[in-house]
Number of protein chains: 2
Amino acid sequence: MADSNSNVLAFTKHDHRRCKNAAIKAVELLCEERKLRLTPVRRRTLEILLESHIALGAYEVLEKLAKAGFGEKPPLVYRALGFLMEQGFVHKLEKLNAYVACVEPNRCAHPCFLVCKQCGRVAEQSVPKVSKQLAATAQQLGFSTATSVMELSGVCAQCPTEKS
Amino acid sequence: MADSNSNVLAFTKHDHRRCKNAAIKAVELLCEERKLRLTPVRRRTLEILLESHIALGAYEVLEKLAKAGFGEKPPLVYRALGFLMEQGFVHKLEKLNAYVACVEPNRCAHPCFLVCKQCGRVAEQSVPKVSKQLAATAQQLGFSTATSVMELSGVCAQCPTEKS
DNA sequence: TTTAATGTGTTATATTATAACATTAAGGTG
DNA sequence: CACCTTAATGTTATAATATAACACATTAAA
């Protein structure tokens with residue numbers, strides 16, 4: 001029933017260095033293709049978010065940028081996040097007001113976010129069927145869907161379910 | 001393909017007074033059943049949100065509460081909204097940081113919100129199939145879903161699509 | 001009629017995000 | 001290269017959203 005060939009990377013043991021490098025490489029390529037400038041702040045912001053699969057608040061990212069020698073004023077981080085989000089390299093979790101890097105920016109589509117409330121990790125699952133079904137349902141009601149937000153909160157396989 | 005027998009009330013001409021009264025009545029009944037106190041602030045907050053199908057920010061609601069003779073400090077409105085949301089009488093639109101009254105609090109389940117970016121109106125559509133499908137997909141990946149957020153942004157039937 | 005629990009008032013502050021304008025850097029064109 | 005235009009960044013200020021903490025009041029229940 002799963003919509004695609006996913007492995008829920010974030011919840012699975014994996015070579016994270018590889019995971020991170022691949023994502024950065026993909027972003028670099030896409031920026032070239034799109035004639036966009038992956039400036040130092042933008043790159044570092046992406047790297048910061050790629051350090052783990054846990055979503056960070058804008059001000060957490062900002063602190064890390066500051067420690068890395070960049071500025072410490074809010075617009076710095078919001079601009080970098082804005083750029084990265086526009087390009088689909090980073091996603092915002094609306095329910096959390098937090099940001100997470102896209103792990104496969106080149107093949108990201110119809111994402112649904114699975115947020116573990118125990119460990120905080122976020123897996124991005126592509127759900128094209130569900131997404132299209134929702135849009136079709138809306139369309140039948142006369143509503144033209146432009147964008148959608150899908151976020152699940154729960155407990156991942158590696159975390160113990162809450163005791164009763 | 002629609003999941004349920006809905007009419008997308010918010011986007012349709014309807015007797016809004018009736019609509020509003022029915023919702024308040026339903027909430028009153030549910031409060032009795034659940035032995036909860038629908039205090040004046042809580043009731044007024046609900047009424048304010050029921051004035052239209054447009055989502056309001058917490059501070060917009062607060063202003064209206066103040067004009068109605070209630071306090072003007074943030075905790076007032078956040079407490080009222082907190083109570084109403086806990087009970088499912090009001091929903092928060094995460095993408096908008098705004099609040100909207102539930103039109104059918106007694107039969108509300110698996111809601112997906114359709115937000116018209118032209119007129120701002122919000123329709124609540126029950127999508128149990130899609131919702132269960134998402135949870136099932138997640139479950140197959142070892143993820144136990146507790147809560148979900150589904151919000152579509154687009155253009156409703158009554159609004160002109162944006163010109164090119 | 002005291003008590004325990006719930007709800008409200010109030011002060012203060014935390015958190016998230018943007019507007020506006022000055023300055024600098026990059027890339028394109030003659 | 002020198003100029004210019006655009007894009008990006010620096011900076012100040014403030015807006016918008018939300019909660020903590022504690023005092024006081026009301027309710028319902030014992």
Side-chain angles (χ1 to χ4, degrees), chain A residues 27-28 30-46 48-49 54-87 89-100 115 120 149 151, chain B residues 27-28 31-46 48-49 54-87 89-100 120 149 151:
Chain A
V27 166
E28 283 172 348
L30 288 167
C31 282
E32 264 191 65
E33 271 179 38
R34 298 177 190 170
K35 315 254 183 218
L36 299 171
R37 293 167 53 200
L38 188 60
T39 60
V41 213
R42 289 170 177 177
R43 180 181 235 284
R44 193 78 183 95
T45 300
L46 180 65
I48 286 166
L49 289 177
I54 293 177
L56 298 180
Y59 281 75
E60 290 179 88
V61 175
L62 182 53
E63 267 186 47
K64 288 172 193 274
L65 282 173
K67 280 179 189 159
F70 295 91
E72 56 179 329
K73 311 283 173 57
L76 186 80
V77 72
Y78 282 106
R79 282 167 180 159
L81 289 172
F83 168 83
L84 295 167
M85 284 194 292
E86 255 179 34
Q87 298 304 323
F89 303 155
V90 160
H91 304 291
K92 179 175 184 185
L93 296 174
E94 298 295 344
K95 177 86 183 213
L96 255 45
N97 293 324
Y99 304 84
V100 74
V115 182
V149 173
E151 298 174 6
Chain B
V27 167
E28 283 172 349
C31 283
E32 264 192 64
E33 271 178 40
R34 299 176 190 171
K35 316 253 183 222
L36 299 170
R37 292 167 54 201
L38 188 61
T39 61
V41 212
R42 291 171 175 177
R43 181 181 235 282
R44 194 79 183 91
T45 299
L46 180 66
I48 286 166
L49 289 176
I54 293 177
L56 298 180
Y59 282 75
E60 290 179 88
V61 175
L62 183 54
E63 266 186 47
K64 288 172 193 273
L65 282 173
K67 279 179 189 157
F70 295 91
E72 56 178 331
K73 312 284 174 56
L76 185 81
V77 72
Y78 282 105
R79 282 165 179 162
L81 289 172
F83 168 83
L84 295 167
M85 285 193 294
E86 257 179 31
Q87 299 304 320
F89 303 155
V90 160
H91 304 291
K92 179 176 184 182
L93 297 174
E94 298 295 344
K95 177 89 183 208
L96 257 45
N97 292 324
Y99 305 83
V100 73
V149 174
E151 297 174 7

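Naming: A, B, ... by sequence-line order, numbering from 1 per chain.
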Tell me which of B:T39 and A:G57 sits closer to the 5' end of DNA chain C, going by the nucleotide each one is nearest to. B:T39
What pairs with A:E60 under salt bridge (Lys or Arg N to Asp or Glu O under 4.0 Å), at least two apart in sequence or on another chain? none
Any residue meeting side chain to side chain contact (heavy atoms under 4.5 Å, CB included) with B:K64, in chain and number order, not counting sequence neighbours: B:I48, B:E51, B:L56
In whole angstrom, what separates B:L76's CG from C:dA12's P? 18 Å
So what does A:K35 hit on the nucleic acid, given a heavy-atom distance under 4.0 Å: a base, only sugar-phosphate, or nothing? nothing
Let me confirm one number: the OG1-CZ distance from B:T45 to B:F89, rounded to the nearest 0.5 Å. 13.0 Å
Phosphate OP1/OP2 of C:dT18 contacted by A:R79 side-chain N/O (<4.0 Å): no
For A:Q87, give me all partners under side chain to side chain donor-acceptor pair (under 3.5 Å), at least two apart in sequence or on another chain. A:R34
How many whole angstroms separate atom CZ of B:R44 from atom C1' of C:dT8? 18 Å
Report the distance from atom NZ of B:K73 to atom CG of B:L62, rounding to the nearest 0.5 Å. 10.0 Å
In whole angstrom, give the distance that lies between atom CG of A:L36 and atom C1' of C:dG27. 14 Å
Who passes side chain to side chain contact (heavy atoms under 4.5 Å, CB included) against B:K92, sequence neighbours left out? B:M85, B:E94, B:N97, B:Y99
Rounded to the nearest 0.5 angstrom, the CG-SG distance for B:L84 and B:C31 is 8.0 Å
If I take atom CG in residue A:L93 and atom C1' in nucleotide C:dA17, what distance separates them, rounded to the nearest angstrom? 17 Å
Could you tell me, to 10°, how much the axis swings from one end of the helix from C:dT1-D:dA30 to C:dG30-D:dC1 to the other, five pairs per end? 30°
Side-chain N,O (B:N97) to OP1/OP2 (C:dT16) below 4.0 Å: no
For a quick check of understanding: with a heavy-atom distance under 4.0 Å over all strands, which category does A:Y59 fall into, base, sugar-phosphate or nothing? base
Side chain to side chain contact (heavy atoms under 4.5 Å, CB included) with A:P40: which residues, sequence neighbours excluded? A:F70
Between CG of A:L56 and P of C:dT16 the distance, given in whole Å, is 11 Å
Could you tell me the separation between the OH atom of A:Y78 and the P atom of C:dT18, rounded to a whole number of Å? 7 Å
Heavy-atom nearest nucleotide on DNA chain D for B:Y99 versus B:R37: which residue maps closer to 5'? B:Y99
Give the rounded distance in Å between these two atoms: CG of A:L81 and P of C:dT16. 12 Å
Interatomic distance, A:R42 CZ vs C:dA25 P [rounded to whole Å]: 16 Å
Distance under 4.0 Å to a non-hydrogen atom of chain A counts as contact; along DNA chain D, which nucleotides mark the start and end? D:dA8 to D:dT12
Under 3.5 Å donor-acceptor, A:E72 side chain and A:E63 backbone: no
So among A:I54, A:V100, A:L81, which one has a side chain to side chain contact (heavy atoms under 4.5 Å, CB included) with A:L49? A:L81
With A:R44, which residues qualify under side chain to side chain donor-acceptor pair (under 3.5 Å), at least two apart? A:E47
Sequence-distant partners of B:R37, side chain to side chain contact (heavy atoms under 4.5 Å, CB included), two or more places apart: B:T39, B:R42
Identify, residue by residue, the members of residues 65-75 of chain A with a heavy atom below 4.0 Å from DNA chain C, and return them in order of residue number, or none. A:P74, A:P75
